[in-house]
Amino acid sequence: MAIQLFVPHFRINECLEEIRECLEKGWTGLGFKTIEMENKWKEYTGLPHAHFLSSNTVGLHLALHMFKTEFGWVDGDEVISTPLTFVSTNHAIVYTNLLPVFADIDESLCLSPENIEQKITSRTRAVIFVGIGGNTGRYPEVVKLCKDRGLMLILDAAHMAGTRLNGKHVGHDADCTVFSFQAVKNLATADSGMICFPDQARDERVRKLTWLGINKDTYSRTYTQSSYKWMYDVDEIGFKYHGNSIMAAIGLVSLRYLDRDNAYRRQLVKWYQNCLANNELIRIVPIANECESSCHLFQIRVSNRDEILMALNEYEISPGVHYRDNTEYRLYNQAAGTCPKAHLASKEILSLPMHMSITERDVQTIADALKEVIKSKAG
Ligand SMILES: *Cc1c(COP(=O)(O)O)cnc(C)c1O
């Protein structure tokens with residue numbers, strides 16, 4: 001059987017039990033399990049606030065929309081981002097009529113603090129840092145840089161459920177952290193995410209904005225009787241971005257197993273590292289020292305990547321590429337050539353299969369096939 005890149009592993013009976021509770025209660029929407037998921041996520045991460053969303057993409061949009069309106073940023077103000085990410089990160093900047101300015105990456109595949117610094121102008125307002133594969137790269141230096149330069153820092157933690165830095169879950173030192181619980185992420189639902197602000201006022205505002213701007217809090221302060229449910233106020237335009245109880249039900253089960261699953265992912269990485277060590281044609285993307293990565297991805301670099309990828313498909317092994325340099329896309333190609341390191345990485349990176357059904361033997365099989373293919377292509 002073919003070895004796939006990602007296969008979500010759902011604990012089906014537990015998921016069905018959680019979903020059954022929603023159906024029996026007749027509550028599948030916002031509230032109930034979404035609140036339970038938020039509470040469990042706060043408990044797990046230690047983050048003070050968390051709001052459950054329909055995706056990470058909407059969370060990135062919300063974060064920028066909220067900062068833009070709060071601080072009076074104007075259209076065309078700049079947000080520094082990475083070209084080596086899923087397009088959501090950069091689309092969120094465009095949704096908000098802000099301008100993505102691409103900074104280059106380092107060997108961790110995350111943004112380089114020096115390169116961010118070079119891209120700062122008088123119109124720079126924020127930085128979005130993406131922890132590729134769960135890796136933190138040089139994130140602490142980026143935190144410091146943003147503080148020093150008065151820039152808002154958004155952490156796109158789509159790959160970082162369970163990533164710890166110096167023993168602490170990531171997300172505590174960003175102005176906003178957004179997680180993804182999409183189907184192939186390491187905490188899988190089908191589609192959902194979590195937005196975490198360090199401060200209560202923004203958490204309250206985001207709850208309102210994810211439900212069309214409907215000010216339920218004012219309602220609940222003013223009217224306690226259910227007959228006044230329609231008496232809410234709307235004081236700013238919001239979106240339909242909140243998550244629902246069915247997704248939260250699945251998320252609660254995935255969260256229960258997150259540490260166990262991530263530990264297995266780290267074991268897979270160790271097996272890969274052992275099998276691929278001492279091969280100068282394979283470079284393993286390094287994980288930061290203080291980082292206990294979620295290991296959402298295991299990435300290597302090889303020089304003739306496209307050929308190798310095709311050849312591995314013949315061995316029924318399906319690796320992936322995370323990601324294509326976004327400045328190659330027509331939408332972003334006015335920035336083509338501005339990030340040579342990301343551009344080169346984009347042609348060399350390969351993500352090897354990472355999921356709960358991969359065994360030590362599979363890792364050996366994949367590594368042997370990879371070495372075989374590389375040898376034949378190099379010779
Ligand atoms: C998956 C992903 C997103 C988008 O997450 P959704 O929950 O699918 O919207 C954003 N950024 C990165 C880096 C991702 O991998």
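Heavy atoms only: backbone and side chains are in, while hydrogens, waters and symmetry mates are out. Both ligands and their constituent atoms are indexed starting at 1 by order of listing.
A ring-centre distance under 6.0 Å is found for His61 and Tyr241.
In terms of protein heavy-atom proximity, atom 10 (C) of ligand 1 is nearest to Asn56 OD1, 3.1 Å. Of the protein's non-hydrogen atoms, Ser180 OG, 2.7 Å is the one closest to atom 7 (O) of ligand 1. Remark: minimum distance from atom 11 (N) of ligand 1 to any protein heavy atom is reached at Asp156 OD2, 2.8 Å. Closest protein heavy atom to atom 2 (C) of ligand 1: Lys185 NZ, 2.7 Å. At the shortest separation from atom 12 (C) of ligand 1 among protein heavy atoms lies Ala158 CB, 3.4 Å.
Rounding to the nearest 0.5 Å places OH of Tyr329 at 10.0 Å from OH of Tyr323.
For ligand 1, the polar-atom distance check against Asp191 finds no nitrogen or oxygen pair separated by under 3.5 Å. Residue Ser88 places no N or O, backbone or side chain, under 3.5 Å from any N or O of ligand 1.
Using a 4.5 Å heavy-atom cutoff, the side chains of Lys33 and Phe52 are not in contact. At a threshold of 4.5 Å between non-hydrogen side-chain atoms, the residues Thr189 and Ile246 do not count as touching.
With 3.5 Å as the limit, one finds no donor-acceptor pair spanning the side chains of His242 and Ser54. Under 3.5 Å, the side chains of Asp325 and Tyr332 contain no donor-acceptor pair of N or O atoms.
Selection from His91, His61, Gln182, His159 by nearest heavy atom to atom 8 (O) of ligand 1 gives Gln182.
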